[in-house]
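All remarks here apply to the structure that follows.
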2 protein chains.
Amino acid sequence: MAVTVTIYDVAREAGVSMATVSRVVNNNPNVKPQTRKKVFEAIERLGYRPNAVARGLASKKTTTVGVVIPDISNPIFSEVARGIEDIANMYHYNIILCNADKKKEKEIRVINTLLEKQVDGLLFMGGVVTEDHIQAFKTSSVPVVLCATADEKHIIPSVDIDHEKAAYDSVNVLIQNGHRNIAMISGTLQDPANGFARYQGYRRALEEAGIPLNEDYVRVGNYRYESGLEVTKYFLSLDERPTAIFAANDEMAIGAIHTLQDSGLKVPDDMSVISVDNIRMASMVRPELTTVAQPMYDIGAVAMRLLTKLMNKETKDASELSQVVLPHEVIHRNSVAQR
Amino acid sequence: MAVTVTIYDVAREAGVSMATVSRVVNNNPNVKPQTRKKVFEAIERLGYRPNAVARGLASKKTTTVGVVIPDISNPIFSEVARGIEDIANMYHYNIILCNADKKKEKEIRVINTLLEKQVDGLLFMGGVVTEDHIQAFKTSSVPVVLCATADEKHIIPSVDIDHEKAAYDSVNVLIQNGHRNIAMISGTLQDPANGFARYQGYRRALEEAGIPLNEDYVRVGNYRYESGLEVTKYFLSLDERPTAIFAANDEMAIGAIHTLQDSGLKVPDDMSVISVDNIRMASMVRPELTTVAQPMYDIGAVAMRLLTKLMNKETKDASELSQVVLPHEVIHRNSVAQR
DNA sequence: CTGTTAGCGCCTTCAG
DNA sequence: CTGAAGGCGCTAACAG
């Protein structure tokens with residue numbers, strides 16, 4: 001294992017001062033090309049590699065941002081993460097990634113360790129953003145942006161879609177196709193920013209169409225395939241079956257399609273299915289899933305871009321750009337039929 | 001934004017020296033309970049948060065490990081990443097995550113920036129491990145372990161499955177079910193550790209069964225759904241169609257199933273499909289995919305565990321535990337039929 | 001254009 | 001059990 005060579009060694013080797021070495025390493029233009037060359041050669045010869053930790057301590061910048069994510073193995077979040085990464089890269093930031101499983105306690109803990117690591121900024125995607133979260137963010141001396149979520153009071157900058165509207169638009173596709181018996185596989189209703197918002201969108205769409213809400217037609221799942229499977233079985237057991245199912249996310253919708261098919265029903269002829277998300281898998285099922293696309297990658301990318309601005313203080317007090325709502329779009333595929 | 005409070009402030013507030021504060025923060029037992037209490041109170045009062053960067057500089061440990069990953073949004077890798085994260089967490093390490101898209105140049109670049117950040121260890125999953133990679137690893141003063149890949153000469157510690165054997169076992173399922181016209185949708189043949197190994201497994205299975213290799217039956221895809229779709233169309237255009245398809249990964253297998261179904265064929269009655277990976281999606285298609293499970297999560301977890309040992313020098317020279325091959329397992333579902 | 005000099009915030013001997 | 005002092009490797013004024 002090579003002994004660590006420091007800026008001082010390079011300085012000696014090149015016959016200059018460490019300040020000069022620092023300058024060339026940091027691309028400071030105030031160095032004579034000749035000296036620069038000498039220094040580079042010394043660096044090469046010694047295999048010098050700048051110590052980012054020391055640099056961070058001295059400069060108070062680490063060029064890394066912290067990302068707290070519910071679960072990296074969930075396609076929704078990993079796609080967002082990919083957007084974050086790409087933009088971070090573009091601006092020469094690195095990413096410290098922490099799973100927090102939507103557990104409040106764990107979220108707060110990782111926020112703190114990230115802050116201890118002196119990240120230059122923080123991207124938070126998680127479950128509910130509570131008062132405690134906001135409190136934690138307030139102790140931060142670096143900017144924070146919420147990603148694919150938002151706090152109820154909108155006091156923290158965030159990048160998200162309008163979940164209520166997305167659900168509303170989704171259900172409306174069904175309504176415009178003549179459906180009136182529309183069931184919903186919901187996510188948890190405890191999350192105002194997401195689960196509950198989608199439920200609200202469902203209700204509003206029905207209401208505006210003059211369709212009374214049927215309690216039997218709403219069941220809560222956990223966003224996973226299996227719960228889509230289960231809840232749909234329940235809907236099939238009803239005396240008056242729905243003619244269409246709106247799922248709060250694609251995974252549950254795919255589950256719905258499969259229990260329908262497993263029961264000998266045809267989708268969409270016998271029953272329509274729609275949802276929101278548009279994960280890659282949505283076009284990897286038969287029939288391909290009609291859904292409302294949530295621009296995951298962009299959410300990550302835009303959030304990271306916003307964060308870079310905040311970190312560079314390009315924007316005043318974060319109030320102008322602070323609440324970004326990205327557009328969603330219904331993707332018509334083959335899981336919805338006229339009725 | 002709160003001004004930064006340092007260990008010195010805490011010392012003054014608690015009426016002790018900074019050494020003592022350092023001790024309590026680091027859980028050093030040599031502190032009188034009373035003093036410890038005083039210090040904790042001061043910490044609380046001031047909202048002190050240790051600066052991990054300064055600590056890293058002084059102690060030469062950062063408690064973070066670098067992970068280079070081809071693409072975080074690919075379910076295979078994100079599942080591995082999840083295993084890494086969980087174990088890292090357990091040992092109080094954080095993760096710096098870098099996508100490198102299997103581009104050699106980018107991989108080398110991120111390896112270097114990770115090393116500059118003074119990570120305590122490095123986990124590498126990527127494309128081919130070349131001589132240049134090995135060279136880069138050798139400049140590292142911290143341990144490196146390969147994850148879901150391996151170098152040809154096996155000089156770097158690694159955790160992986162036996163890809164050749166996995167493919168062999170997979171194809172054998174087909175053979176045992178009476179298939180002899182077995183086509184393969186391969187991945188790139190340029191990657192000895194993975195793509196080529198799986199192809200070799202296919203060949204060996206055929207050979208041992210006395211089935212001659214038919215060149216028309218092997219086509220290279222890119223591991224993605226779409227290429228599964230495409231290659232299968234080609235197979236369907238053949239005069240003598242195969243009766244079964246072995247895909248190098250699940251995604252392409254799912255593509256295969258769908259072009260089969262889109263052509264009015266029944267899977268597995270008209271044609272069988274098998275592959276290797278066992279991503280979650282494998283049980284989220286109809287018919288559910290028979291495949292050889294690659295323990296992604298475990299690969300990540302075991303690799304991270306091995307790395308912790310190396311970082312703590314629990315193991316001599318990494319030679320004992322250094323080449324871990326995890327078992328794979330065929331998962332019988334519904335995409336393969338007797339013939 | 002280049003060198004000198006202080007720190008950055010903390011850990012870690014070494015004394016006491 | 002506790003304090004003093006010297007770095008860790010680098011950046012950032014400040015001179016020259």
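Just so it is clear: chains get the letters A, B, ... in the order the sequence lines come, proteins before strands, and each one is counted from 1. Given the structure is predicted, the values throughout are model-derived calculations rather than measurements.
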Query - Interface with DNA chain C, restricted to residues 33-43 of chain B and to heavy atoms under 4.0 Å - result: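 Per residue number, the list is empty: none.
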Query raised in the report: If you measure from the Lys or Arg side-chain nitrogens to the Asp or Glu carboxylate oxygens, is any gap between A:Asp101 and B:Arg82 under 4.0 Å?
Result: yes
Requested in this report: Not counting sequence neighbours, which residues clear side-chain contact (heavy atoms from CB on, under 4.5 Å) with B:Ser17? List them please.
Outcome: B:Ala19, B:Thr20
Query raised in the report: Has B:Thr20 got a side-chain N or O lying under 4.0 Å from the OP1 or OP2 atom of D:dG3?
Result: yes
**Report entry** Short side-chain N/O contact from B:Ser17 to OP1 or OP2 of D:dA4, under 4.0 Å
**Finding:**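 For D:dA4, neither OP1 nor OP2 has a side-chain N or O of B:Ser17 closer than 4.0 Å.
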Requested in this report: Could you please spell out the steps behind the side-chain hydrogen bond (donor to acceptor under 3.5 Å, both in side chains) verdict for B:Thr35 and B:Arg23?
Outcome: CA-CA 11 Å; B:Thr35 342; B:Arg23 287 195 187 91; over 6 Å; no
Query raised in the report: Taking the side chain from A:Glu116 and the backbone from B:Val53, do they hold a donor-acceptor pair closer than 3.5 Å?
Result: no
Query raised in the report: Is it true that a side-chain atom of A:Asn74 and a backbone atom of A:Ser78 form a donor plus acceptor pair closer than 3.5 Å?
Result: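 Such a contact is absent between A:Asn74 side chain and A:Ser78 backbone.
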Report summary line: Minimal heavy-atom distance between B:Val129 and B:Phe124, with the atoms involved, is CG2-CE2, 4.1 Å
Query raised in the report: Can you find a pair of side-chain heavy atoms, one from B:Ser140 and one from B:Leu115, that are under 4.5 Å apart?
Result: yes
Query raised in the report: Can you give one letter per nucleotide of nucleotides 8-16 of chain C, 5' to 3': B if a protein heavy atom sits under 4.0 Å from the base, S if only from the sugar-phosphate, - if neither?
Result: BBBBB----
Query raised in the report: With a 3.5 Å cut-off and no angle check, do the side chains of A:Gln118 and A:Thr62 form a donor-acceptor pair?
Result: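 The answer is no; no qualifying pair exists.
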Requested in this report: Give the rounded distance in Å between these two atoms: CG of A:Asn30 and P of D:dA15.
Outcome: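 Distance, rounded to whole Å: 17 Å.
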